[in-house]
Asks: 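Attaching a single structure in structure tokens format; questions to follow.
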Amino acid sequence: MKSPNSVKINGFDHIPYHLDTFSEEELIVKSKSFYEWLDKRRSVRDFSDKKVPKEVIENIIKSASTAPSGAHKQPWTFCAISNAELKTQIRKEAEIEEKESYESRMSERWKKDLAPLGTDMNKPFLEIAPWLIVVFKKAYEVNSIGGKHTNYYVNESVGIACGMLISAIHNAGLVTLTHTPSPMKFLTKILDRPGNERPFLLLPVGYPKVPAYVPDIKRKALNEMSSFYE
Ligand code: IYR
């Protein structure tokens, strides 16, 4: 049903938008507490196999899909996998690519940079985590008569959606890690995705193992990663 308060702008319906706003003091408190909460997020490699309800994953994916996107094309598909055979197949294929990468595709410098993170070619979390979310980017849309329409700012749009996905996972009290097997073509095949979808990121989702360990690394300070022009 059409909103009674809708107005036409450029010939298209627009509706009033309302957002709660706050005093300066409240802004400072809210922005600080959000930062402190987000700062607790870590990329975790030690997963528990404890089940996570499907509804939680659905809510997390719905949160990610609220991301802005070029011309509102929403150029993403989130594939959520709990099926054990598929997870095993994904682990097997990912480890084949990772072995090749760690043994010959990655430079010595790159492997040295990764050493503090404790990554290697073995990816047990791909079978242990109760869910894998594979994010596909849609390079173009196909209409009902087979015409192709390119999407806009696809990498930016899907990157933002992944950031929101990761925040939603943290909000649920679950952990993830951004796994980037390269090349990722095997995911298109295993998950039987159409030709306009390209794998973008693979995220295992679940509870952290108890105990779980993360590398003792620090984030850049504000003055190291920002510049203000006042
Ligand atoms: N894709 C490999 C290697 C890797 C690359 C980067 I850059 C990382 O920050 C972490 C790992 C992997 O997923 O292990």
Side-chain angles (χ1 to χ4, degrees), residues 38-49 52 57 60-61 64 76-82 84 86-137 139 154-170 174-191 193 197-209 211-221 224-225:
L38 206 52
D39 193 35
K40 293 200 179 84
R41 186 207 58 79
R42 293 297 310 260
S43 291
V44 172
R45 289 180 170 73
D46 298 336
F47 282 81
S48 151
D49 63 359
V52 170
I57 302 300
I60 286 168
I61 291 173
W76 43 62
T77 301
F78 300 91
C79 294
I81 302 123
S82 64
L86 281 177
K87 286 198 296 178
T88 300
Q89 225 180 319
I90 289 172
R91 175 180 179 184
K92 198 171 136 246
E93 301 274 342
E95 286 181 340
I96 291 171
E97 294 299 353
E98 292 297 87
K99 186 169 190 304
E100 184 64 25
S101 292
Y102 279 86
E103 283 180 356
S104 44
R105 290 195 278 243
M106 289 155 71
S107 65
E108 287 310 312
R109 171 73 197 268
W110 190 352
K111 281 187 275 189
K112 205 163 147 249
D113 277 340
L114 286 181
L117 307 184
T119 67
D120 61 29
M121 65 182 81
N122 300 306
K123 306 296 174 191
F125 52 76
L126 294 174
E127 280 184 294
I128 297 168
W131 290 95
L132 303 181
I133 299 180
V134 183
V135 184
F136 286 84
K137 65 178 184 183
V154 171
N155 287 326
E156 291 83 348
S157 304
V158 182
I160 296 166
C162 286
M164 295 175 72
L165 184 79
I166 291 166
S167 303
I169 292 167
H170 179 56
L174 300 172
V175 293
T176 187
L177 114 96
T178 48
H179 177 40
T180 51
S182 176
M184 288 203 266
K185 282 193 296 282
F186 67 91
L187 292 166
T188 307
K189 208 158 146 242
I190 294 176
L191 300 173
R193 301 314 304 169
E197 293 188 8
R198 311 277 142 76
F200 187 81
L201 201 58
L202 169 47
L203 301 111
V205 183
Y207 294 90
K209 194 168 97 182
Y213 290 93
V214 294
D216 187 10
I217 49 177
K218 303 279 172 276
R219 296 194 161 103
K220 287 183 179 174
E224 295 173 294
M225 51 73 171

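Counting starts at 1 for both ligands and their atoms, following the listed order.
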Asks: Determine whether a donor-acceptor pair (N or O, by modelled atom type, separation under 3.5 Å) exists between the side chain of Arg198 and the backbone of Lys185.
Replies: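 Judged by distance alone, no pair lies under 3.5 Å.
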
Asks: If I apply the N/O under 3.5 Å rule, does Trp110 come out as touching ligand 1?
Replies: no

Asks: Provide, to 0.1 Å, the distance between atom 3 (C) of ligand 1 and the closest protein heavy atom, together with that atom's residue and name.
Replies: Tyr102 OH, 3.3 Å

Asks: What are the atoms of ligand 1, with element, lying closer than 4.0 Å to any heavy atom of His179?
Replies: 12 (C), 13 (O)

Asks: Run the numbers for me: atoms of ligand 1, each under 4.0 Å from some heavy atom of Lys123, listed by number.
Replies: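 Listed by number with element: 12 (C), 13 (O), 14 (O).
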
Asks: Where does the angle between the aromatic ring planes of Phe47 and Phe125 fall among parallel (under 30°), tilted (30 to 60°) and perpendicular (over 60°)?
Replies: tilted

Asks: I'd like to check the side chain to side chain contact (heavy atoms under 4.5 Å, CB included) partners of Asn122; sequence neighbours left out, ordered by chain and number.
Replies: Glu95, Asp120, Pro124

Asks: Apply salt bridge (charged side-chain N to carboxylate O under 4.0 Å, His left out) to residues Glu93 and Lys189 and explain how you reach the verdict.
Replies: CA-CA 11 Å; Glu93 301 274 342; Lys189 208 158 146 242; over 6 Å; no

Asks: Show the nearest heavy-atom pair for residues Pro208 and Val44, with the distance to one decimal.
Replies: CB-CG1, 4.5 Å

Asks: What is the nearest protein non-hydrogen atom to atom 6 (C) of ligand 1, stated with its residue, atom name and distance?
Replies: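 Answer, as residue, atom name and distance: Leu114 CD2, 3.5 Å.
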
Asks: Provide, to 0.1 Å, the distance between atom 2 (C) of ligand 1 and the closest protein heavy atom, together with that atom's residue and name.
Replies: Glu98 OE2, 2.8 Å

Asks: Taking atom types as modelled and ignoring hydrogens, do the side chains of Ser104 and Glu100 form a donor-acceptor contact shorter than 3.5 angstrom?
Replies: yes

Asks: Taking N or O atoms only and a 3.5 Å limit, does Thr180 qualify as a polar contact for ligand 1?
Replies: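 Indeed, backbone or side chain, Thr180 has an N or O that close.
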
